[in-house]
There are 2 protein chains.
Amino acid sequence: MQLSNSSQYAIRILSYMALEQDSKLLNATQLAATLQIPYKFLTKIMTEVVKAGLVVSIRGREGGYRFEKPTSQIIVSEILKIFNDSIEDKQCVLGIGFCNGVCKCALHDQWMKPKLLMQKMFEESSLADIAGKGCKQ
Amino acid sequence: MQLSNSSQYAIRILSYMALEQDSKLLNATQLAATLQIPYKFLTKIMTEVVKAGLVVSIRGREGGYRFEKPTSQIIVSEILKIFNDSIEDKQCVLGIGFCNGVCKCALHDQWMKPKLLMQKMFEESSLADIAGKGCKQ
DNA sequence: CATAAATACTACTTAAAGGTAGAATTAAAT
DNA sequence: ATTTAATTCTACCTTTAAGTAGTATTTATG
Ligand code: SF4
Ligand code: SF4
């Protein structure tokens, strides 16, 4: 019952980036050192984030990563989607998920509430929200 | 954001067993066939459940598994505990979990609610509750 | 142009979860 | 006593997540 390491790292990286100037260029070496994430793993993750279009990368000397759109428009659940970690409607605690409304186990109704809260949390939190209110991780 | 396969299987097995008579002896072959769980994996899981004391096993011919105490006294979170899948208080979405109340990220407060609901769900549901209200999986 | 500093790509290694095989042990039934 | 049907044990195999290594590519700077 936890996000994958990749998702966790990605959220930490991007919310740290959001704390800095939106437009500022940040490179992998600095990020890895600051956030204590293995450099090679960080670049692997960031490459996926770039492919997903959440961030642009500038290659070559003096390059780095930068948001293109404002961080208020980048939603946490978009990040999770990249690593197949976002919460689907049909997703069930028991991994079955096909039980119809009539024939359902007793966990079903109880599971609805936390599931919806988590979906809401991930779908209604932007990076700006996260970064603005918190401390550096 | 899902339980491990072992936990999922264990919940399904035990809640199915709870549907049958509490005292009835059920064997691995039948359970595996009924629940569509690989026989060898089922016995592996059940051995751990037995070791945890949730179920007693009768070895030898005509043997099988049976609850010793009533299913109303077996709590879902006890099952999860066996597979290190229960939700801890300090557990954090980002796997950090050491941030104090003063310095916390914006996910922190939002995460509290669903986390507490899930803990409540797992700690306040007995097998009798689950089995009584639902259909066979 | 040459160099240096950055990301991207390909491939590999390691660790953990998920699952399987076979033999050992137990005990009822005959 | 032997057989048969059950759990348990030990060891292994497979798949996926996590992490690493090395090289290629890109580009500003001098
Ligand atoms: S009824 Fe139970 S097993 Fe079926 S989808 Fe709902 S929570 Fe999952
Ligand atoms: S502040 Fe954020 S990172 Fe820290 S424990 Fe709370 S949710 Fe986790």
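The figures that follow rest on heavy atoms only: side chains count, while hydrogens, waters and symmetry mates do not.
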Do the non-hydrogen side-chain atoms of [X] and [Y] ever get within less than 4.5 Å of each other?
{"X": "A:I11", "Y": "A:L3", "answer": "yes"}
{"X": "B:I87", "Y": "B:F122", "answer": "yes"}
{"X": "B:K81", "Y": "B:V76", "answer": "no"}
{"X": "B:Q119", "Y": "B:E124", "answer": "no"}

Rounded distance (Å) that lies between atom [atom2] of [N] and atom [atom1] of [X]:
{"X": "B:I13", "N": "D:dT7", "atom1": "CD1", "atom2": "P", "answer": "12 Å"}
{"X": "A:D85", "N": "D:dA18", "atom1": "CG", "atom2": "C1'", "answer": "14 Å"}
{"X": "B:Q2", "N": "D:dA17", "atom1": "CD", "atom2": "C1'", "answer": "16 Å"}
{"X": "B:E48", "N": "C:dA17", "atom1": "CD", "atom2": "C1'", "answer": "12 Å"}
{"X": "A:F83", "N": "D:dT16", "atom1": "CZ", "atom2": "C1'", "answer": "16 Å"}
{"X": "A:M46", "N": "C:dC9", "atom1": "CE", "atom2": "P", "answer": "14 Å"}
{"X": "A:L42", "N": "C:dA8", "atom1": "CG", "atom2": "C1'", "answer": "14 Å"}

Name all residues meeting the side chain to side chain donor-acceptor pair (under 3.5 Å) criterion together with A:T47; count only those two or more places apart in sequence or in a different chain, and write none if there are none. none
Within the structure, does a side-chain N or O atom of [X] lie under 4.0 Å from either OP1 or OP2 of [N]?
{"X": "B:T47", "N": "D:dT8", "result": "yes"}
{"X": "A:S57", "N": "C:dA8", "result": "yes"}
{"X": "A:K51", "N": "C:dC9", "result": "yes"}

Enumerate the protein-to-nucleotides 26-30 of chain D contacts in which both atoms are nitrogen or oxygen and the separation is below 3.5 Å.
{"unit_1": "D:dT26", "atom_1": "O2", "unit_2": "A:G60", "atom_2": "N", "d": "3.3"}
{"unit_1": "D:dT27", "atom_1": "O2", "unit_2": "A:R61", "atom_2": "N", "d": "3.3"}

So which protein nitrogen or oxygen atoms get under 3.5 Å of nucleotides 18-20 of chain C's nitrogens or oxygens?
{"unit_1": "C:dG18", "atom_1": "OP1", "unit_2": "B:N5", "atom_2": "N", "d": "3.2"}
{"unit_1": "C:dG19", "atom_1": "OP2", "unit_2": "B:N5", "atom_2": "ND2", "d": "3.3"}
{"unit_1": "C:dG19", "atom_1": "N7", "unit_2": "B:K44", "atom_2": "NZ", "d": "3.1"}
{"unit_1": "C:dG19", "atom_1": "O6", "unit_2": "B:K44", "atom_2": "NZ", "d": "2.6"}

Let me confirm one number: the CZ-CD1 distance from A:R12 to A:I37, rounded to the nearest 0.5 Å. 4.5 Å
Return the set of residues passing ring pair (Phe, Tyr, Trp, His ring centres under 6.0 Å) with A:F83 (not counting sequence neighbours), or none when no residue passes. none
Ring pair (Phe, Tyr, Trp, His ring centres under 6.0 Å) against A:F41, all qualifying residues, sequence neighbours excluded: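 For A:F41, the residues satisfying ring pair (Phe, Tyr, Trp, His ring centres under 6.0 Å) (neighbours in sequence not counted) are A:Y9.
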Note: with side-chain heavy atoms under 4.5 Å as the link, the other cluster members for B:L116 come out as none
